[in-house]
Enquirer: 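The structure is given below, and queries will be raised subsequently.
Each chain gets a letter, A, B and so on, in the order its sequence line appears, and its residues count up from 1.
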2 protein chains.
Amino acid sequence: MERQPFASAANVSERLAQPPALAISTVIFALRPSAASGRPTLWLPLVRRIREPFRGMWALPGGPLTQADSLLDAAARNLRDTTGLAPSYLEQLYAFGGLHRSPSQRVVSIVYWAMVQPTEAEMAQESENVKWFRADGLETLAFDHNHIVDYALWRLRNKMAYGSIAYHLLGEKFTLAQVREVYEAVLDRTVDPANFRRQLKQTPHIEATEEYLQGGKHRPPRLYRYTGTMAEDSPVP
Amino acid sequence: MERQPFASAANVSERLAQPPALAISTVIFALRPSAASGRPTLWLPLVRRIREPFRGMWALPGGPLTQADSLLDAAARNLRDTTGLAPSYLEQLYAFGGLHRSPSQRVVSIVYWAMVQPTEAEMAQESENVKWFRADGLETLAFDHNHIVDYALWRLRNKMAYGSIAYHLLGEKFTLAQVREVYEAVLDRTVDPANFRRQLKQTPHIEATEEYLQGGKHRPPRLYRYTGTMAEDSPVP
DNA sequence: CCGAGTTAAAGTCAATTTGACTACAACTAA
DNA sequence: TTAGTTGTAGTCAAATTGACTTTAACTCGG
(Lines give C-alpha, C1' and ligand atoms only; values in the text may rest on other atoms or scores of the structure.)
Protein backbone atom coordinates (compact mmCIF):
# COMPACT_ATOMS: atom_id res chain seq x y z
CA MET A 1 0.00 0.00 0.00
CA GLU A 2 2.06 2.95 1.23
CA ARG A 3 5.65 2.23 0.41
CA GLN A 4 7.79 5.21 1.41
CA PRO A 5 9.22 4.70 4.87
CA PHE A 6 9.70 8.45 5.37
CA ALA A 7 9.17 11.69 3.49
CA SER A 8 12.06 13.33 1.74
CA ALA A 9 12.52 16.43 -0.35
CA ALA A 10 12.57 14.23 -3.39
CA ASN A 11 9.31 12.70 -2.36
CA VAL A 12 7.64 16.03 -2.01
CA SER A 13 8.55 17.24 -5.45
CA GLU A 14 7.74 13.89 -6.98
CA ARG A 15 4.36 14.04 -5.38
CA LEU A 16 3.28 16.67 -7.86
CA ALA A 17 4.44 14.68 -10.83
CA GLN A 18 3.36 11.12 -10.15
CA PRO A 19 -0.27 10.09 -9.85
CA PRO A 20 -1.64 9.20 -6.42
CA ALA A 21 -1.29 5.60 -5.31
CA LEU A 22 -4.51 3.63 -5.60
CA ALA A 23 -5.31 1.20 -2.81
CA ILE A 24 -8.20 -1.18 -2.21
CA SER A 25 -9.30 -1.90 1.36
CA THR A 26 -12.24 -3.75 2.82
CA VAL A 27 -14.32 -3.45 5.96
CA ILE A 28 -15.53 -6.95 6.80
CA PHE A 29 -18.40 -7.48 9.20
CA ALA A 30 -19.34 -10.72 10.84
CA LEU A 31 -21.52 -11.71 13.75
CA ARG A 32 -19.99 -13.30 16.83
CA PRO A 33 -21.42 -13.89 20.26
CA SER A 34 -20.38 -11.17 22.65
CA ALA A 35 -18.16 -12.43 25.45
CA ALA A 36 -20.36 -10.70 28.02
CA SER A 37 -23.98 -11.20 27.01
CA GLY A 38 -23.66 -14.08 24.57
CA ARG A 39 -25.81 -12.16 22.12
CA PRO A 40 -24.48 -11.70 18.60
CA THR A 41 -22.53 -8.51 18.03
CA LEU A 42 -20.59 -7.05 15.11
CA TRP A 43 -16.94 -7.95 14.71
CA LEU A 44 -14.40 -7.25 12.02
CA PRO A 45 -10.99 -8.72 11.21
CA LEU A 46 -7.97 -6.41 11.12
CA VAL A 47 -4.42 -7.04 10.03
CA ARG A 48 -1.27 -5.80 11.71
CA ARG A 49 0.94 -3.53 9.63
CA ILE A 50 4.39 -4.95 9.10
CA ARG A 51 5.85 -1.85 7.42
CA GLU A 52 6.05 1.82 8.02
CA PRO A 53 4.06 3.95 8.29
CA PHE A 54 2.02 2.84 11.31
CA ARG A 55 4.12 -0.32 11.65
CA GLY A 56 2.71 -2.63 14.30
CA MET A 57 -0.72 -0.96 14.35
CA TRP A 58 -3.93 -2.61 13.27
CA ALA A 59 -5.46 -1.69 9.92
CA LEU A 60 -8.12 -2.73 7.46
CA PRO A 61 -6.99 -5.46 5.09
CA GLY A 62 -6.01 -3.99 1.77
CA GLY A 63 -3.29 -3.39 -0.75
CA PRO A 64 -2.47 -1.70 -4.02
CA LEU A 65 -4.91 -2.05 -6.89
CA THR A 66 -3.74 -4.96 -8.97
CA GLN A 67 -3.64 -4.00 -12.60
CA ALA A 68 -5.30 -7.06 -14.01
CA ASP A 69 -8.40 -6.95 -11.79
CA SER A 70 -11.52 -4.86 -11.71
CA LEU A 71 -12.06 -3.03 -8.44
CA LEU A 72 -14.35 -5.76 -7.11
CA ASP A 73 -11.98 -8.52 -8.17
CA ALA A 74 -9.05 -6.72 -6.61
CA ALA A 75 -10.92 -6.42 -3.32
CA ALA A 76 -11.90 -10.10 -3.38
CA ARG A 77 -8.41 -11.26 -4.28
CA ASN A 78 -6.76 -9.16 -1.61
CA LEU A 79 -9.23 -10.40 0.98
CA ARG A 80 -8.43 -13.96 0.17
CA ASP A 81 -4.70 -13.37 0.25
CA THR A 82 -4.58 -11.46 3.52
CA THR A 83 -7.34 -13.06 5.58
CA GLY A 84 -8.43 -16.19 3.70
CA LEU A 85 -11.99 -14.90 3.46
CA ALA A 86 -14.27 -15.25 0.43
CA PRO A 87 -17.36 -13.29 1.45
CA SER A 88 -20.75 -13.90 -0.09
CA TYR A 89 -21.50 -10.19 0.06
CA LEU A 90 -18.94 -7.69 -1.21
CA GLU A 91 -19.85 -4.20 -2.35
CA GLN A 92 -18.19 -0.86 -2.85
CA LEU A 93 -18.49 1.45 0.13
CA TYR A 94 -16.72 4.72 -0.66
CA ALA A 95 -13.57 6.20 -2.14
CA PHE A 96 -11.46 8.07 0.39
CA GLY A 97 -9.04 10.56 -1.11
CA GLY A 98 -8.08 13.20 1.44
CA LEU A 99 -4.65 14.72 1.01
CA HIS A 100 -3.10 13.57 4.25
CA ARG A 101 -4.46 10.11 4.76
CA SER A 102 -0.99 8.69 4.61
CA PRO A 103 2.29 10.42 5.45
CA SER A 104 4.72 11.01 2.59
CA GLN A 105 2.61 9.75 -0.32
CA ARG A 106 -0.86 10.65 -1.47
CA VAL A 107 -3.06 7.55 -1.38
CA VAL A 108 -6.60 7.20 -2.69
CA SER A 109 -8.34 4.20 -1.16
CA ILE A 110 -11.37 2.63 -2.74
CA VAL A 111 -12.99 0.87 0.17
CA TYR A 112 -15.27 -2.14 -0.13
CA TRP A 113 -17.35 -3.70 2.58
CA ALA A 114 -18.23 -7.32 3.10
CA MET A 115 -20.61 -9.40 5.17
CA VAL A 116 -19.50 -12.91 5.98
CA GLN A 117 -21.57 -15.77 7.35
CA PRO A 118 -20.46 -17.51 10.53
CA THR A 119 -19.11 -20.52 8.66
CA GLU A 120 -17.18 -18.26 6.32
CA ALA A 121 -15.81 -16.26 9.23
CA GLU A 122 -14.09 -19.34 10.59
CA MET A 123 -11.90 -19.31 7.49
CA ALA A 124 -10.19 -16.20 8.81
CA GLN A 125 -7.81 -17.91 11.20
CA GLU A 126 -6.53 -15.65 13.88
CA SER A 127 -2.77 -15.30 13.93
CA GLU A 128 -0.10 -12.94 15.14
CA ASN A 129 -1.07 -10.53 12.36
CA VAL A 130 -4.79 -11.19 11.83
CA LYS A 131 -7.26 -10.71 14.63
CA TRP A 132 -11.00 -10.13 15.13
CA PHE A 133 -12.20 -7.01 16.99
CA ARG A 134 -15.57 -5.78 18.19
CA ALA A 135 -16.78 -3.13 15.78
CA ASP A 136 -17.66 -0.62 18.47
CA GLY A 137 -15.10 0.70 20.90
CA LEU A 138 -12.25 0.00 18.52
CA GLU A 139 -8.75 1.03 19.48
CA THR A 140 -6.87 3.57 17.37
CA LEU A 141 -6.11 2.16 13.93
CA ALA A 142 -3.58 3.06 11.26
CA PHE A 143 -4.30 5.86 8.77
CA ASP A 144 -7.91 7.12 8.82
CA HIS A 145 -9.26 3.63 9.29
CA ASN A 146 -11.28 4.43 12.42
CA HIS A 147 -13.06 7.02 10.34
CA ILE A 148 -13.74 4.48 7.62
CA VAL A 149 -15.13 1.90 10.06
CA ASP A 150 -17.40 4.53 11.61
CA TYR A 151 -18.72 5.40 8.19
CA ALA A 152 -19.30 1.74 7.39
CA LEU A 153 -21.25 1.32 10.62
CA TRP A 154 -23.40 4.32 9.79
CA ARG A 155 -24.14 2.94 6.35
CA LEU A 156 -24.87 -0.46 7.80
CA ARG A 157 -27.46 0.93 10.20
CA ASN A 158 -29.08 2.89 7.41
CA LYS A 159 -29.14 0.07 4.91
CA MET A 160 -30.40 -2.43 7.45
CA ALA A 161 -33.88 -0.94 7.51
CA TYR A 162 -34.81 -1.65 3.92
CA GLY A 163 -32.07 -3.91 2.63
CA SER A 164 -31.07 -7.52 2.59
CA ILE A 165 -27.82 -7.19 4.44
CA ALA A 166 -28.93 -9.10 7.53
CA TYR A 167 -29.23 -12.38 5.66
CA HIS A 168 -25.64 -12.20 4.46
CA LEU A 169 -24.48 -12.21 8.07
CA LEU A 170 -26.38 -15.42 8.74
CA GLY A 171 -25.95 -18.94 7.42
CA GLU A 172 -27.94 -20.50 4.62
CA LYS A 173 -30.81 -21.42 6.91
CA PHE A 174 -31.82 -19.36 9.90
CA THR A 175 -34.65 -18.80 12.33
CA LEU A 176 -36.65 -15.61 12.44
CA ALA A 177 -35.30 -14.98 15.93
CA GLN A 178 -31.78 -15.01 14.52
CA VAL A 179 -32.70 -12.39 11.96
CA ARG A 180 -34.20 -10.33 14.75
CA GLU A 181 -31.01 -10.63 16.77
CA VAL A 182 -29.04 -9.26 13.82
CA TYR A 183 -31.33 -6.27 13.67
CA GLU A 184 -31.05 -5.77 17.39
CA ALA A 185 -27.26 -6.03 17.27
CA VAL A 186 -26.89 -3.54 14.44
CA LEU A 187 -29.63 -1.12 15.41
CA ASP A 188 -28.79 -1.49 19.09
CA ARG A 189 -32.34 -1.66 20.36
CA THR A 190 -34.88 -4.35 21.10
CA VAL A 191 -37.49 -5.31 18.52
CA ASP A 192 -40.86 -6.89 19.28
CA PRO A 193 -40.63 -10.53 18.16
CA ALA A 194 -44.25 -10.87 17.10
CA ASN A 195 -44.35 -7.67 15.06
CA PHE A 196 -40.97 -8.43 13.51
CA ARG A 197 -42.24 -11.81 12.42
CA ARG A 198 -45.29 -10.23 10.85
CA GLN A 199 -43.08 -7.86 8.86
CA LEU A 200 -40.71 -10.52 7.57
CA LYS A 201 -43.52 -12.80 6.49
CA GLN A 202 -44.67 -10.26 3.95
CA THR A 203 -41.25 -9.38 2.55
CA PRO A 204 -40.09 -11.15 -0.58
CA HIS A 205 -37.19 -13.60 -0.77
CA ILE A 206 -37.84 -15.10 2.65
CA GLU A 207 -38.85 -18.72 2.18
CA ALA A 208 -39.99 -21.08 4.91
CA THR A 209 -38.39 -24.50 4.86
CA GLU A 210 -39.93 -27.62 6.38
CA GLU A 211 -37.02 -27.95 8.77
CA TYR A 212 -36.88 -26.95 12.39
CA LEU A 213 -33.84 -26.08 14.44
CA GLN A 214 -33.46 -28.97 16.89
CA GLY A 215 -31.35 -29.15 20.01
CA GLY A 216 -32.55 -25.92 21.60
CA LYS A 217 -33.91 -25.78 25.09
CA HIS A 218 -37.49 -25.06 24.08
CA ARG A 219 -39.92 -25.22 21.22
CA PRO A 220 -37.91 -25.69 18.02
CA PRO A 221 -38.22 -22.76 15.61
CA ARG A 222 -38.81 -23.16 11.92
CA LEU A 223 -35.86 -22.55 9.61
CA TYR A 224 -36.08 -20.06 6.77
CA ARG A 225 -34.01 -19.39 3.69
CA TYR A 226 -33.13 -16.20 1.85
CA THR A 227 -33.67 -16.52 -1.89
CA GLY A 228 -32.54 -13.06 -3.01
CA THR A 229 -29.23 -12.08 -4.56
CA MET A 230 -26.56 -9.62 -3.57
CA ALA A 231 -27.59 -7.26 -6.33
CA GLU A 232 -31.03 -6.79 -4.82
CA ASP A 233 -30.25 -3.29 -3.55
CA SER A 234 -27.57 -1.92 -5.86
CA PRO A 235 -28.18 -2.71 -9.49
CA VAL A 236 -25.93 -1.57 -12.27
CA PRO A 237 -22.33 -1.60 -11.07
CA MET B 1 -8.32 12.16 -18.82
CA GLU B 2 -7.39 9.43 -21.29
CA ARG B 3 -4.29 10.55 -23.11
CA GLN B 4 -3.06 7.80 -25.40
CA PRO B 5 -4.41 8.28 -28.89
CA PHE B 6 -3.93 4.59 -29.69
CA ALA B 7 -2.64 1.43 -28.12
CA SER B 8 0.86 0.25 -28.87
CA ALA B 9 3.01 -2.66 -27.80
CA ALA B 10 4.85 -0.32 -25.47
CA ASN B 11 1.58 0.74 -23.94
CA VAL B 12 0.56 -2.76 -23.18
CA SER B 13 3.70 -3.66 -21.31
CA GLU B 14 3.74 -0.35 -19.50
CA ARG B 15 0.23 -0.98 -18.37
CA LEU B 16 1.41 -3.57 -15.92
CA ALA B 17 4.04 -1.30 -14.43
CA GLN B 18 2.38 2.05 -14.06
CA PRO B 19 -0.61 2.64 -11.78
CA PRO B 20 -4.01 3.19 -13.40
CA ALA B 21 -4.90 6.74 -14.28
CA LEU B 22 -7.30 8.36 -11.81
CA ALA B 23 -10.02 10.57 -13.19
CA ILE B 24 -12.79 12.59 -11.55
CA SER B 25 -16.08 13.03 -13.38
CA THR B 26 -19.43 14.46 -12.37
CA VAL B 27 -23.04 13.81 -13.26
CA ILE B 28 -24.87 17.12 -12.90
CA PHE B 29 -28.64 17.20 -12.68
CA ALA B 30 -30.79 20.25 -13.10
CA LEU B 31 -34.46 20.88 -13.69
CA ARG B 32 -35.62 22.48 -16.92
CA PRO B 33 -39.03 22.76 -18.44
CA SER B 34 -39.61 20.08 -21.02
CA ALA B 35 -40.04 21.43 -24.52
CA ALA B 36 -43.19 19.38 -25.00
CA SER B 37 -45.19 19.53 -21.76
CA GLY B 38 -43.63 22.52 -20.06
CA ARG B 39 -43.30 20.49 -16.88
CA PRO B 40 -39.89 20.34 -15.23
CA THR B 41 -37.74 17.40 -16.27
CA LEU B 42 -34.20 16.29 -15.53
CA TRP B 43 -31.38 17.61 -17.67
CA LEU B 44 -27.64 17.31 -17.47
CA PRO B 45 -24.78 19.17 -19.13
CA LEU B 46 -22.28 17.22 -21.21
CA VAL B 47 -19.03 18.28 -22.81
CA ARG B 48 -17.77 17.34 -26.24
CA ARG B 49 -14.51 15.43 -26.32
CA ILE B 50 -11.81 17.24 -28.23
CA ARG B 51 -9.26 14.41 -28.16
CA GLU B 52 -9.11 10.74 -28.88
CA PRO B 53 -10.51 8.42 -27.79
CA PHE B 54 -14.14 9.15 -28.59
CA ARG B 55 -13.22 12.49 -30.12
CA GLY B 56 -16.31 14.52 -30.99
CA MET B 57 -18.63 12.49 -28.76
CA TRP B 58 -20.40 13.81 -25.71
CA ALA B 59 -19.11 12.86 -22.26
CA LEU B 60 -19.49 13.73 -18.60
CA PRO B 61 -17.35 16.67 -17.53
CA GLY B 62 -14.21 15.46 -15.82
CA GLY B 63 -10.48 15.28 -15.85
CA PRO B 64 -7.48 13.82 -14.09
CA LEU B 65 -7.33 14.05 -10.33
CA THR B 66 -5.41 17.17 -9.47
CA GLN B 67 -2.74 16.38 -6.93
CA ALA B 68 -3.34 19.31 -4.62
CA ASP B 69 -7.08 18.73 -4.16
CA SER B 70 -9.15 16.29 -2.19
CA LEU B 71 -11.57 14.27 -4.29
CA LEU B 72 -14.43 16.65 -3.58
CA ASP B 73 -12.30 19.71 -4.28
CA ALA B 74 -11.04 18.19 -7.50
CA ALA B 75 -14.61 17.54 -8.64
CA ALA B 76 -15.68 21.07 -7.77
CA ARG B 77 -12.67 22.65 -9.44
CA ASN B 78 -13.06 20.63 -12.60
CA LEU B 79 -16.74 21.47 -12.75
CA ARG B 80 -16.01 25.15 -12.54
CA ASP B 81 -13.30 24.96 -15.17
CA THR B 82 -15.22 22.94 -17.72
CA THR B 83 -18.81 24.13 -17.29
CA GLY B 84 -18.67 27.20 -15.03
CA LEU B 85 -20.93 25.52 -12.48
CA ALA B 86 -20.55 25.76 -8.70
CA PRO B 87 -23.28 23.43 -7.44
CA SER B 88 -24.74 23.70 -3.96
CA TYR B 89 -24.96 19.95 -3.74
CA LEU B 90 -21.98 17.80 -4.68
CA GLU B 91 -21.48 14.29 -3.39
CA GLN B 92 -19.55 11.18 -4.30
CA LEU B 93 -21.55 8.72 -6.38
CA TYR B 94 -19.35 5.71 -7.15
CA ALA B 95 -15.91 4.66 -8.28
CA PHE B 96 -15.88 2.93 -11.66
CA GLY B 97 -12.83 0.80 -12.33
CA GLY B 98 -13.56 -1.82 -14.95
CA LEU B 99 -10.62 -2.95 -17.03
CA HIS B 100 -11.84 -1.78 -20.40
CA ARG B 101 -13.57 1.50 -19.70
CA SER B 102 -11.11 3.30 -21.89
CA PRO B 103 -9.11 1.93 -24.82
CA SER B 104 -5.34 1.70 -24.41
CA GLN B 105 -5.02 2.85 -20.81
CA ARG B 106 -6.66 1.62 -17.60
CA VAL B 107 -8.67 4.45 -16.04
CA VAL B 108 -10.37 4.47 -12.66
CA SER B 109 -13.02 7.19 -12.48
CA ILE B 110 -14.31 8.48 -9.18
CA VAL B 111 -17.66 9.92 -10.14
CA TYR B 112 -19.44 12.68 -8.23
CA TRP B 113 -22.96 13.87 -8.72
CA ALA B 114 -24.36 17.33 -8.33
CA MET B 115 -27.72 19.03 -8.13
CA VAL B 116 -27.85 22.61 -9.32
CA GLN B 117 -30.58 25.16 -8.78
CA PRO B 118 -32.14 26.88 -11.78
CA THR B 119 -30.22 30.10 -11.18
CA GLU B 120 -26.99 28.15 -10.90
CA ALA B 121 -27.76 26.20 -14.03
CA GLU B 122 -27.78 29.40 -16.05
CA MET B 123 -24.08 29.73 -15.28
CA ALA B 124 -23.42 26.78 -17.57
CA GLN B 125 -23.52 28.64 -20.85
CA GLU B 126 -24.15 26.42 -23.79
CA SER B 127 -21.42 26.51 -26.41
CA GLU B 128 -20.05 24.42 -29.20
CA ASN B 129 -18.59 22.03 -26.65
CA VAL B 130 -20.99 22.29 -23.69
CA LYS B 131 -24.63 21.42 -24.08
CA TRP B 132 -27.60 20.40 -21.91
CA PHE B 133 -29.39 17.10 -22.60
CA ARG B 134 -32.51 15.45 -21.25
CA ALA B 135 -31.44 12.77 -18.77
CA ASP B 136 -33.63 10.08 -20.27
CA GLY B 137 -33.28 8.96 -23.84
CA LEU B 138 -29.69 10.08 -24.03
CA GLU B 139 -27.69 9.42 -27.16
CA THR B 140 -24.60 7.18 -27.01
CA LEU B 141 -21.89 8.82 -24.94
CA ALA B 142 -18.13 8.32 -24.74
CA PHE B 143 -16.66 5.56 -22.56
CA ASP B 144 -19.15 3.90 -20.19
CA HIS B 145 -20.84 7.19 -19.46
CA ASN B 146 -24.35 6.04 -20.41
CA HIS B 147 -23.95 3.36 -17.80
CA ILE B 148 -22.86 5.93 -15.22
CA VAL B 149 -25.80 8.22 -15.95
CA ASP B 150 -28.21 5.30 -15.66
CA TYR B 151 -26.75 4.42 -12.30
CA ALA B 152 -27.03 8.04 -11.15
CA LEU B 153 -30.69 8.10 -12.17
CA TRP B 154 -31.34 4.92 -10.24
CA ARG B 155 -29.69 6.33 -7.15
CA LEU B 156 -31.60 9.57 -7.56
CA ARG B 157 -34.94 7.81 -7.62
CA ASN B 158 -34.00 5.80 -4.58
CA LYS B 159 -32.67 8.69 -2.57
CA MET B 160 -35.57 10.93 -3.45
CA ALA B 161 -37.98 9.09 -1.21
CA TYR B 162 -36.31 9.83 2.09
CA GLY B 163 -33.67 12.43 1.28
CA SER B 164 -33.34 16.14 0.80
CA ILE B 165 -32.21 16.10 -2.78
CA ALA B 166 -35.31 17.74 -4.21
CA TYR B 167 -34.61 21.05 -2.49
CA HIS B 168 -31.18 21.30 -4.05
CA LEU B 169 -32.78 21.27 -7.48
CA LEU B 170 -34.96 24.24 -6.54
CA GLY B 171 -34.12 27.82 -5.71
CA GLU B 172 -33.82 29.25 -2.23
CA LYS B 173 -37.56 29.78 -1.94
CA PHE B 174 -40.10 27.52 -3.54
CA THR B 175 -43.75 26.57 -3.45
CA LEU B 176 -44.92 23.17 -2.30
CA ALA B 177 -46.24 22.57 -5.79
CA GLN B 178 -42.73 23.01 -7.15
CA VAL B 179 -41.38 20.40 -4.75
CA ARG B 180 -44.13 18.11 -5.85
CA GLU B 181 -43.24 18.66 -9.49
CA VAL B 182 -39.66 17.62 -8.73
CA TYR B 183 -40.92 14.41 -7.19
CA GLU B 184 -43.18 13.79 -10.14
CA ALA B 185 -40.36 14.46 -12.61
CA VAL B 186 -37.91 12.14 -10.88
CA LEU B 187 -40.30 9.38 -9.85
CA ASP B 188 -42.24 9.72 -13.10
CA ARG B 189 -45.70 9.48 -11.61
CA THR B 190 -48.33 11.85 -10.33
CA VAL B 191 -48.61 12.67 -6.64
CA ASP B 192 -51.74 13.89 -4.87
CA PRO B 193 -51.18 17.57 -4.04
CA ALA B 194 -53.13 17.57 -0.79
CA ASN B 195 -51.50 14.45 0.62
CA PHE B 196 -48.06 15.60 -0.47
CA ARG B 197 -48.60 18.85 1.35
CA ARG B 198 -49.59 17.03 4.51
CA GLN B 199 -46.40 14.97 4.37
CA LEU B 200 -44.08 17.90 3.83
CA LYS B 201 -45.62 19.89 6.64
CA GLN B 202 -44.46 17.35 9.15
CA THR B 203 -40.94 16.88 7.80
CA PRO B 204 -38.15 18.88 9.41
CA HIS B 205 -36.19 21.67 7.71
CA ILE B 206 -39.14 22.95 5.70
CA GLU B 207 -39.94 26.43 6.87
CA ALA B 208 -42.86 28.55 5.72
CA THR B 209 -42.02 32.13 4.81
CA GLU B 210 -44.50 35.01 4.86
CA GLU B 211 -44.02 35.55 1.16
CA TYR B 212 -46.24 34.44 -1.66
CA LEU B 213 -45.31 33.83 -5.27
CA GLN B 214 -46.99 36.60 -7.20
CA GLY B 215 -47.58 36.88 -10.90
CA GLY B 216 -49.14 33.49 -11.42
CA LYS B 217 -52.46 33.01 -13.09
CA HIS B 218 -54.35 31.99 -9.97
CA ARG B 219 -54.24 32.03 -6.22
CA PRO B 220 -50.66 32.86 -5.19
CA PRO B 221 -48.97 30.01 -3.32
CA ARG B 222 -46.94 30.48 -0.16
CA LEU B 223 -43.16 30.27 -0.47
CA TYR B 224 -41.16 27.89 1.67
CA ARG B 225 -37.49 27.58 2.51
CA TYR B 226 -35.28 24.55 3.14
CA THR B 227 -33.17 24.97 6.25
CA GLY B 228 -31.21 21.69 6.16
CA THR B 229 -27.67 21.17 4.99
CA MET B 230 -26.13 18.97 2.31
CA ALA B 231 -24.73 16.64 4.95
CA GLU B 232 -28.19 15.70 6.16
CA ASP B 233 -28.09 12.27 4.53
CA SER B 234 -24.43 11.32 4.33
CA PRO B 235 -22.49 12.15 7.44
CA VAL B 236 -18.82 11.45 7.86
CA PRO B 237 -17.08 11.84 4.52
C1' DC C 1 -44.93 -38.80 34.01
C1' DC C 2 -46.25 -34.18 35.44
C1' DG C 3 -46.02 -29.36 35.88
C1' DA C 4 -43.19 -25.18 35.72
C1' DG C 5 -40.59 -22.49 32.69
C1' DT C 6 -39.39 -20.80 28.17
C1' DT C 7 -39.61 -19.81 23.39
C1' DA C 8 -42.34 -20.01 18.88
C1' DA C 9 -46.10 -18.51 16.54
C1' DA C 10 -50.62 -16.55 15.86
C1' DG C 11 -54.07 -13.32 17.03
C1' DT C 12 -56.27 -8.93 19.00
C1' DC C 13 -56.99 -4.08 19.19
C1' DA C 14 -56.27 0.72 19.42
C1' DA C 15 -53.36 4.38 17.52
C1' DT C 16 -51.20 6.14 13.64
C1' DT C 17 -50.41 6.74 8.84
C1' DT C 18 -51.90 6.58 4.03
C1' DG C 19 -54.71 7.26 -0.18
C1' DA C 20 -58.75 9.01 -2.29
C1' DC C 21 -61.66 12.42 -2.13
C1' DT C 22 -64.45 16.83 -0.83
C1' DA C 23 -64.89 21.62 0.45
C1' DC C 24 -63.61 26.05 0.74
C1' DA C 25 -60.37 30.08 -0.17
C1' DA C 26 -57.99 33.19 -3.13
C1' DC C 27 -56.65 34.64 -7.04
C1' DT C 28 -56.87 35.70 -12.71
C1' DA C 29 -59.09 36.29 -17.00
C1' DA C 30 -62.97 37.32 -19.62
C1' DT D 1 -69.30 39.81 -11.89
C1' DT D 2 -68.54 35.23 -12.91
C1' DA D 3 -66.27 31.14 -14.59
C1' DG D 4 -62.03 28.77 -14.21
C1' DT D 5 -57.97 27.38 -11.82
C1' DT D 6 -54.91 26.53 -8.16
C1' DG D 7 -53.81 26.63 -3.10
C1' DT D 8 -55.11 24.93 1.32
C1' DA D 9 -57.70 22.50 4.88
C1' DG D 10 -60.47 18.79 6.16
C1' DT D 11 -62.95 14.12 6.00
C1' DC D 12 -63.12 9.22 6.02
C1' DA D 13 -62.12 4.53 5.12
C1' DA D 14 -58.25 1.34 4.36
C1' DA D 15 -53.84 -0.11 5.53
C1' DT D 16 -50.03 -0.25 8.64
C1' DT D 17 -47.88 -0.13 13.16
C1' DG D 18 -46.93 -0.84 18.14
C1' DA D 19 -48.21 -2.94 22.40
C1' DC D 20 -50.06 -6.69 24.09
C1' DT D 21 -52.49 -11.48 24.82
C1' DT D 22 -53.12 -16.22 23.77
C1' DT D 23 -52.02 -20.71 22.44
C1' DA D 24 -48.62 -24.25 20.88
C1' DA D 25 -44.48 -26.91 21.46
C1' DC D 26 -40.71 -28.02 23.47
C1' DT D 27 -37.03 -29.02 27.83
C1' DC D 28 -36.02 -29.82 32.39
C1' DG D 29 -36.39 -30.79 37.30
C1' DG D 30 -38.72 -33.32 40.36
Enquirer: Heavy atom of residues 213-221 of chain A under 4.0 Å from DNA chain C: which residues?
Expert: A:His218, A:Arg219, A:Pro221
Enquirer: Please find the pair of heavy atoms, one from B:Leu65 and one from B:Ala74, that lie closest to each other, and give the distance.
Expert: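 So the two residues come closest at CD1-CB, 3.6 Å.
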Enquirer: Measure the acute angle between the ring planes of A:Tyr89 and A:His168, then classify it against the limits of 30° and 60° as parallel, tilted or perpendicular.
Expert: tilted
Enquirer: Test your reading of the model: is there a side-chain donor-acceptor pair from B:Asp192 to the backbone of B:Asn195, 3.5 Å cut-off?
Expert: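 Yes; at least one donor-acceptor contact below 3.5 Å.
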Enquirer: Look at the side chain of A:Asn129 and the backbone N and O of A:Arg49, then say whether any donor-acceptor pair between them is shorter than 3.5 Å.
Expert: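 No; judged by distance alone, with no hydrogens or angles, the pair does not exist.
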Enquirer: Who are the side chain to side chain contact (heavy atoms under 4.5 Å, CB included) partners of B:Arg197, not counting sequence neighbours?
Expert: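 Per chain and number, B:Arg197 pairs via side chain to side chain contact (heavy atoms under 4.5 Å, CB included) with B:Leu176, B:Lys201, B:Tyr224.
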Enquirer: Do any of residues 196-205 of chain B sit with a heavy atom less than 4.0 Å from DNA chain C, and if so which?
Expert: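 Here the set is B:Arg198, B:Gln199.
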Enquirer: Looking at DNA chain C, which of residues 173-186 of chain A put a heavy atom within less than 4.0 Å of it?
Expert: A:Ala177
Enquirer: What I want to find out is whether B:Arg48 reaches B:Glu128 closely enough, with some N-O distance under 4.0 Å, to be called a salt bridge.
Expert: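 Yes.
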Enquirer: Look at the aromatic rings of B:Phe143 and B:His145 and report parallel, tilted or perpendicular, splitting at 30° and 60°.
Expert: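 Taking B:His145 first and then B:Phe143, their aromatic rings sit tilted (interplane angle of 30° to 60°).
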Enquirer: Which two nucleotides bound the region of DNA chain C that has atoms under 4.0 Å from heavy atoms of chain B, read 5' to 3'?
Expert: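 Nucleotide range in contact with chain B: C:dT18 to C:dT28.
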Enquirer: Are any side-chain N or O atoms of A:Ser109 and backbone N or O atoms of A:Val111, one a donor and one an acceptor, separated by less than 3.5 Å?
Expert: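 A pair under 3.5 Å: no.
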Enquirer: Are B:Trp58 and B:Phe133 an aromatic pair, judged by ring center distance below 6.0 Å?
Expert: yes
Enquirer: Starting at CG of B:Leu223 and ending at P of D:dG7, how long is that distance when rounded to a whole Å?
Expert: 12 Å
Enquirer: Do NZ/NE/NH1/NH2 and the carboxylate oxygens of B:Arg222 and B:Glu211 come within less than 4.0 Å?
Expert: no
Enquirer: Can you list the residues that meet the side chain to side chain contact (heavy atoms under 4.5 Å, CB included) rule with B:Glu126, with sequence neighbours excluded?
Expert: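 Residues passing side chain to side chain contact (heavy atoms under 4.5 Å, CB included) with B:Glu126: B:Arg32, B:Lys131, B:Trp132.
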Enquirer: Please determine if B:Lys159 and B:Glu91 form a salt bridge, counting it only when a charged side-chain N lies under 4.0 Å from a carboxylate O.
Expert: yes
